[in-house]
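Just below is one structure, and these are the notes that go with it.
Order of appearance sets the numbers: ligands from 1, and atoms from 1 within every ligand.
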Amino acid sequence: MPRRFERWHIVVAAGVTLVLAIAAIVVIATRSVPARVVASDDAVVVATEDERRAPDAVVVDVTLRAAPTSVRIGDRDADTWAFNDQVPGPELRLDAGDVLRARVENRLPEPLTIHWHGIDLRADMDGVPHLSQQPIAPGEDFTYEFVVPNAGTYFYHSHVGVQLDRGLYGPLIVDDPTEDLAYDREYTVLLDDWLDGLAGTPDQALSRLQSEGMSHGDMGGMHHGAGETADSPLGSDTGDVEYPYFLSNGRTPDDPEELAVTPGERVRLRMINAASDTAFRVALGGAELTVTHTDGRPVLPVETDAVLLGMGERYDALVTLTDPGVFALVASAEGKDGQAVALLRSGAGESPPPDVEPAELTGRLLTLDDLEADPAVALDDSDPDRTYQVQLTGGMHSYEWGVDGGEVDGIPMPVREGERVRLILENDTMMWHPIHLHGQPFQVQVAGGGGPVKDTVNVAPFDQVTVDFVADNPGAWMLHCHNVYHAETGMHTVISYVQ
Ligand code: C2O
Ligand code: CU
């Protein structure tokens, strides 16, 4: 008996060993098979788009011709690059669920791609050179075609080099036919900082920053950027580049656009910051702003005097001007000298001067903590499946910037479809950065939860912002600073879907 018992033991032990060995081999096998990175032209990208596209979807056809041109900036002619010879480019407008089919003719002397900023679109139409597509060569054409799934205020712009700081941008407005927001009229206000053709080119501005950075390399903290301010939530150094003009819908404050309104009606303002190196603090003289959307996504309406828009951010607000008159919508360049102005005219009256400073500009300034996502777009309160600590690095000394969320097996920030992903954006630099994620929005995690759903968020110097997103749009997606000079000198990385 004892002997048989022993033998039985041995058999069991051998069996267990064999099972463990097989298990080990399986574990090793799954570990050593590297995760498969989902490329932008992967079958799963196409399948996801097929699910989004209704068989009877309306197709909106547009043509954007990018070419050198001359535009009127104030009382000067500026040689620049623009879409369809206008700055901003034409407003593209469609309904949620429609298909945008944009034929792009590149008549620039450089390659081009167009990014549809904030749209949750198929990865191969996202317009990032070499990541989502090969750039469109000079003289070539390319047709973008994708479903625009969600309503909101967006814009489109070149995603090559520092071309954004030319005139290569325009508004993209997506209506929700079922939206219950009540208003009588709406205007799009697209803000920009302008130097092209009047103070060199963006490429010259970039090489100036790089050579200044070199020569200031051993001056420690002595470098001063273009934007100096004592009391901005963005810190004391708000920008690197000097701009002769700040524009609202392509117009200077000397020659402001007049937007007609009727006393008492509710006007929706869609404000977009398409600048390259300038944040704008926006206020309307004579009325408060009721903010309804951030970066196209609805929030619980909240009243404020002023909003601060980093590059790439959008805010929608309702305003009501009860009296007849002329009211200045002022976008003050944060920490810089100058502003962009548009006028809301509800009656006769003299226009305010170009340097008008409405009291509201220094009134209540909206913060992220004031914003709560509309339940229609809010994430649930589940815990993240995956968290990345994302380091923002760099400085003026050598004019090099970076963003690093780490890698797994050589793959930058892998995520799997269906996961809830948390990014802790940690700014280790002396400047603020508007951080933009392509392909899907995130919800800002504010104290008490429920922060706004956005695609671009400002991270103040040495501050930290946590955002969560649900990985539901397979592809390779850029995460970068929307200061085009920071992005161009290294402040960009990729979030990689893997299978
Ligand atoms: Cu509007 Cu990658 O940016
Ligand atoms: Cu930056």
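- Using cut-offs of 30° and 60° for the angle between ring planes, the Trp116 and Tyr144 rings count as perpendicular.
- His482 lies apart from atom 2 (Cu) of ligand 1 in this respect, since none of its N, O or S atoms is found at a distance under 2.8 Å.
- At a cut-off of 2.8 Å, His482 is not counted among the residues with an N, O or S atom near the Cu ion (ligand 2).
- None of the N, O or S atoms belonging to His492 lies under 2.8 Å away from atom 2 (Cu) of ligand 1.
- Note: Phe155 and His117 have tilted aromatic rings, judged against thresholds of 30 and 60 degrees for the angle between ring planes.
- Distances from atom 2 (Cu) of ligand 1 show that His438 has an N/O/S atom below 2.8 Å.
- With respect to atom 1 (Cu) of ligand 1, His117 has ND1 as its nearest N, O or S atom.
- When each of Val282, Leu365, Thr367 is paired with Leu308, the side chain to side chain contact (heavy atoms under 4.5 Å, CB included) condition holds for Leu365 and for no other.
- Between Arg281 and Glu334 a salt bridge is recorded (basic side-chain N to carboxylate O distance below 4.0 Å).
- Asp192 and Arg166 are not joined by a salt bridge, as no carboxylate oxygen comes within less than 4.0 angstrom of a charged side-chain nitrogen.
- Nearest N/O/S atom of His486 with respect to the Cu ion (ligand 2) is recorded as ND1.
- Among the atoms of His159, none of the N, O or S atoms falls under 2.8 Å from atom 1 (Cu) of ligand 1.
- The atom of His433 that is an N, O or S and sits closest to the Cu ion (ligand 2) is ND1.
- Aromatic ring orientation, Phe246 versus Tyr243: tilted (interplanar angle from 30° to 60°).
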